[in-house]
Structures are given as structure tokens and as C-alpha cells.
Amino acid sequence: MNRFRALVVNQTEDDFFLGVQELSLGQLPAGDVTIRVFYSSVNYKDGMASVPNSRIVRSYPFVPGIDLAGQVIHSDSPRFKEGDEVLITGYELGVSHYGGFSQVARVPAEWVVPIPKGLSMKEAMAIGTAGFTAALSVHRLEENHLTPDKGPVLVTGASGGVGSTAVAMLSRLGYDVTASSRKVEEHPYLRQLGAKAIIAPEALIPEKNRPLQSEKWAGVVDPVGGKYLPHILSAVKYGGSVALSGLTAGVDFATTVYPFILRGVNLLGIDSVYCPMEVRTRLWDRIANELKPNQLLESISGEISLDDLPDTLGKILRGEVRGRMIVSL
Ligand SMILES: NC(=O)c1ccc[n+]([C@@H]2O[C@H](COP(=O)([O-])OP(=O)(O)OC[C@H]3O[C@@H](n4cnc5c(N)ncnc54)[C@H](OP(=O)(O)O)[C@@H]3O)[C@@H](O)[C@H]2O)c1
């Protein structure tokens with residue numbers, strides 16, 4: 001494996017390159033664990049890392065890919081040995097450290113999670129950062145007292161990666177899920193994942209702008225943010241919570257204090273990247289068991305090769321990827 005293939009992004013003053021190249025082990029960054037990567041996956045952040053003047057990549061040339069699953073081929077850490085099946089999501093992978101769109105990766109041992117029993121390497125990447133973020137959102141909502149008897153739970157951006165996995169996980173746990181999606185053609189898919197009701201995002205915005213609407217949502221998984229968020233907050237039930245993870249509809253929002261001071265609503269920030277290892281490993285165990293979506297490989301995820309990546313990275317930025325896309329290396 002001294003020579004292997006990887007997706008490389010490079011930008012100079014007057015040129016931009018995105019394509020597959022052959023690399024050698026000597027070109028990989030330092031790290032105590034070397035992994036033969038079998039699968040990676042495509043996330044929105046990878047799309048952002050693969051365009052000119054990206055604010056994600058810190059220096060060029062670079063190998064993106066914020067997720068990977070594979071087998072250890074060399075370890076200087078006593079925690080891992082050759083042949084162990086492992087996964088990584090987040091930390092600096094695919095941001096300032098060569099990432100998972102590569103047949104071989106070398107990483108710090110502190111980032112590495114043993115793949116739990118009940119999950120294959122491929123299933124781990126069908127989940128990936130987006131699915132882990134959905135699981136973390138569910139975990140934080142439950143920590144804030146969400147239970148299935150409290151009422152409907154809203155999932156925004158429902159046909160996307162975080163959204164699809166959140167709909168499937170919440171449905172498996174017995175929640176009454178309302179999916180918000182711009183895509184009418186994905187309604188059958190969302191019903192198949194377990195959504196009881198489906199609405200268009202515009203339906204979240206009332207005709208008359210009021211600081212408080214009638215109480216609808218016991219909890220919300222929101223990877224979309226932007227202009228919808230103030231209206232979502234104003235329709236959360238007393239004591240309910242919004243787990244906010246994303247920005248596909250924008251980074252700014254303006255709200256009033258009323259949902260917080262009159263209804264005790266919680267706005268929970270969700271960060272999967274530096275999620276502490278203790279929570280991370282516990283959540284991956286849950287993902288391998290009661291949170292594991294039914295039909296994870298059959299309908300939530302598709303599979304592409306390294307060579308298909310440039311096209312798929314463009315699609316995820318345009319909101320055209322359904323569910324999760326696994327990259328087979
Ligand atoms: N905080 C974290 O740790 C963390 C981790 C993972 C992801 N994220 C963030 O979460 C977001 C979603 O990631 P993802 O991987 O699920 O991406 P994705 O697969 O592209 O899904 C995003 C979904 O958002 C909806 N959407 C896109 N543009 C929109 C717009 N202008 N207005 C309303 N809805 C829009 C679309 O759903 P519909 O077409 O169904 O409406 C789209 O499928 C991204 O912002 C990503 O950076 C954060």
C-alpha cells in the first residue's frame with residue numbers, strides 16, 4: 001500500500017484542481033495509527049471543502065473527507081492493533097489533516113473509535129458525521145426530558161443526511177415525527193423512514209408574525225437554521241427543546257426572548273466535531289443498537305467511488321443528495 005489513490009484539492013493563485021491522484025505513505029501527515037480506509041462518506045462540509053476559496057481547508061494541497069472507516073494496518077498506540085476495525089468522524093480530519101477520501105490515512109490515536117459490535121464498516125459510514133449528529137441531537141433532546149409521550153417532534157431538512165437519519169432514529173424510538181422537506185418527490189421516502197406527517201418548510205412560517213404561536217413541537221432536530229428558526233422556536237411546547245446543528249438555510253436568525261422566558265424553551269447547540277470521546281463511544285454503541293435505522297443500507301444510503309466524488313460534492317452543496325452517500329475505496 002505504499003502507493004494509493006486519494007481525492008486531492010489544490011488551489012494556487014491562478015489555478016484550482018479537484019481530482020483523484022496517486023499519493024505515497026510519505027505524503028501523509030504524522031499520526032500514530034495508519035488505517036487502510038474501506039469506506040468514507042459525503043457530508044455538506046466536504047462539499048464546502050471542495051470549492052475554490054473554501055473557508056474549511058486550512059492549507060493546500062489537501063485531501064478532504066471528514067469521515068472514514070477501515071482497518072488498522074499499523075499502530076504505535078497500545079489502544080489499537082493491526083486488523084482492528086475503526087472509524088473516525090470530526091476532529092481535524094478533512095479540515096486541517098488529510099481526510100477520508102483516501103485509500104490510506106494516518107491519524108492521531110485520540111480521534112479513533114473502535115467500530116462497535118452490531119455495525120459493519122459500511123454501516124458506520126452510512127451513518128457518518130451526519131448520522132452521528134442526528135444521534136447526538138436525539139441524545140441532547142432526551143437529556144432535556146424529551147420522551148415519546150410529550151408530542152410531535154419536528155425534523156427539518158428531512159431528506160438530507162442529518163434529517164433522514166434523525167427521522168429514522170426517532171421513529172425507531174417510538175416518536176411521532178413530522179418531517180419538513182422542500183421536496184414533494186421525497187414524501188414516499190420520508191414515510192418509509194417513519195415520518196407520520198410531512199410539511200413544506202414554508203408552512204413553518206405563519207401568515208402573521210407573532211412572538212409566540214400555538215404550541216406544536218415537543219422537540220426539534222434542526223440542521224437547517226436560518227429564517228425558519230425563529231418561527232420554530234415560537235411553536236415549541238412548554239419546556240421543549242430545539243437541537244440546532246446546521247446552517248443550510250443561513251447563519252443568521254432574529255428571535256424574541258419570549259419562547260425562552262415564557263415557555264422555558266431550550267435552544268441546544270449541537271457540535272459533533274469535538275464531542276467528548278466518552279459521549280462519542282457511548283453514542284456509537286447506541287447507534288449500533290436501538291438507534292440503528294431500519295433500511296440503513298437499502299434506502300437511506302447510496303454508494304459511489306472515489307472518481308464519482310467531484311460530481312457528488314457539487315450535488316450536496318445544491319441540496320440534491322438524498323439521505324447519505326457512502327464512498328467505497
Ligand atoms: N454541528 C455539527 O456537528 C454538524 C454535523 C453535520 C452536519 N452539520 C450541518 O448540518 C447541515 C446539514 O448537513 P447534511 O450533511 O445533512 O446536509 P444535506 O444532506 O445536504 O442536507 C441538508 C438538507 O437541508 C435542506 N436544505 C438545503 N438548503 C436549504 C434551504 N436553502 N432552505 C431550506 N432547507 C434547505 C435540504 O432538505 P430538504 O430538501 O428535504 O428540505 C437538504 O437536503 C449542514 O449545514 C451541515 O454543515 C453540522
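Note that ligands are numbered from 1 as they come in the structure, with each ligand's atoms numbered from 1 the same way. Heavy-atom basis, side chains included; hydrogens, waters and symmetry copies ignored. This one's a predicted model, so the numbers in the text were calculated from it and none came from an experiment.
Ionic pairing of K81 and D84 is present here: one or more N-O contacts between side-chain nitrogen and carboxylate oxygen are shorter than 4.0 angstrom.
Residue S181 places at least one N or O, backbone or side chain, under 3.5 Å from an N or O of ligand 1. Not a single N or O atom of T129, backbone or side chain, sits closer than 3.5 Å to an N or O atom of ligand 1. In terms of polar-atom proximity, V321 is not counted as a contact of ligand 1, lacking any N or O under 3.5 Å from an N or O of the ligand. Of the polar atoms of L247, at least one N or O is found under 3.5 Å from an N or O of ligand 1, judged by distance alone. At least one N or O atom of T248 sits closer than 3.5 Å to an N or O atom of ligand 1.
Of all the atoms in ligand 1, the ones that sit under 4.0 Å from a non-hydrogen atom of S159 are 37 (O), 38 (P), 39 (O), 40 (O), 43 (O). Annotation for ligand 1: atoms under 4.0 Å from non-hydrogen atoms of V162 are 7 (C), 13 (O), 16 (O). Ligand-side atoms of ligand 1 in range of K183: 38 (P), 39 (O), 43 (O), range being under 4.0 angstrom from any heavy atom. Shown in contact with G157 at under 4.0 Å from a heavy atom are these atoms of ligand 1, numbered in order with element: 23 (C), 24 (O), 25 (C), 37 (O), 40 (O). Listed by number with element, the atoms of ligand 1 under 4.0 angstrom from any heavy atom of S272 are 2 (C), 3 (O), 5 (C).
In the displayed structure, Y258 atom OH is contacted under 6.0 Å by at most 12 heavy atoms of other residues, nucleotides or ligands. Counting non-hydrogen atoms of neighbouring residues, nucleotides and ligands closer than 6.0 angstrom, the CZ atom of F16 exceeds 12 such neighbours.
Residue-ligand proximity: Y228 is placed with a non-hydrogen atom under 4.0 Å from ligand 1.
The residue from S180, G163, G161, A243 that puts a heavy atom closest to atom 19 (O) of ligand 1 is G161. Of the candidates A134, G160, G246, G160 brings a heavy atom nearest to atom 21 (O) of ligand 1. Taking only non-hydrogen atoms, the option from A249, S245, S137, P223 nearest to atom 9 (C) of ligand 1 is S245.
R324 and S41 are linked by a side-chain donor-acceptor pair at a separation below 3.5 angstrom, with hydrogens and angles left out of the test. With hydrogens and angles left out, the side-chain atoms of N10 and Q21 include no donor and acceptor closer than 3.5 Å. For Y228 and S180, the side-chain atoms include no donor-acceptor pair closer than 3.5 Å.
The protein heavy atom nearest to atom 6 (C) of ligand 1 is T133 OG1, 3.4 Å. Scanning all protein heavy atoms for the shortest distance to atom 28 (N) of ligand 1 gives R182 NH1, 3.5 Å. The single protein non-hydrogen atom nearest to atom 46 (C) of ligand 1 is Y44 CB, 3.9 Å, given as residue, atom name and distance.
For the pair D176 and P148, the minimum side-chain heavy-atom distance is 4.5 Å or more. At least one side-chain heavy atom of D67 sits under 4.5 Å from a side-chain heavy atom of M125.
Within the 4.0 Å heavy-atom criterion, the part of A158 lying near ligand 1 is the backbone and not the side chain. Looking at I270 against ligand 1, only its backbone comes within 4.0 Å, counting heavy atoms.
Rounding to the nearest 0.5 Å places CG of L136 at 11.0 Å from CZ of R286. In this structure, NE2 in H187 is found 9.5 Å from OG in S159, a value given to the nearest 0.5 Å. Between the CG atom in L313 and the CG atom in L317 there is a gap of 7.5 Å [rounded to 0.5 Å].
Among all heavy-atom pairs drawn from S171 and L193, the shortest one is OG-O, 3.5 Å.
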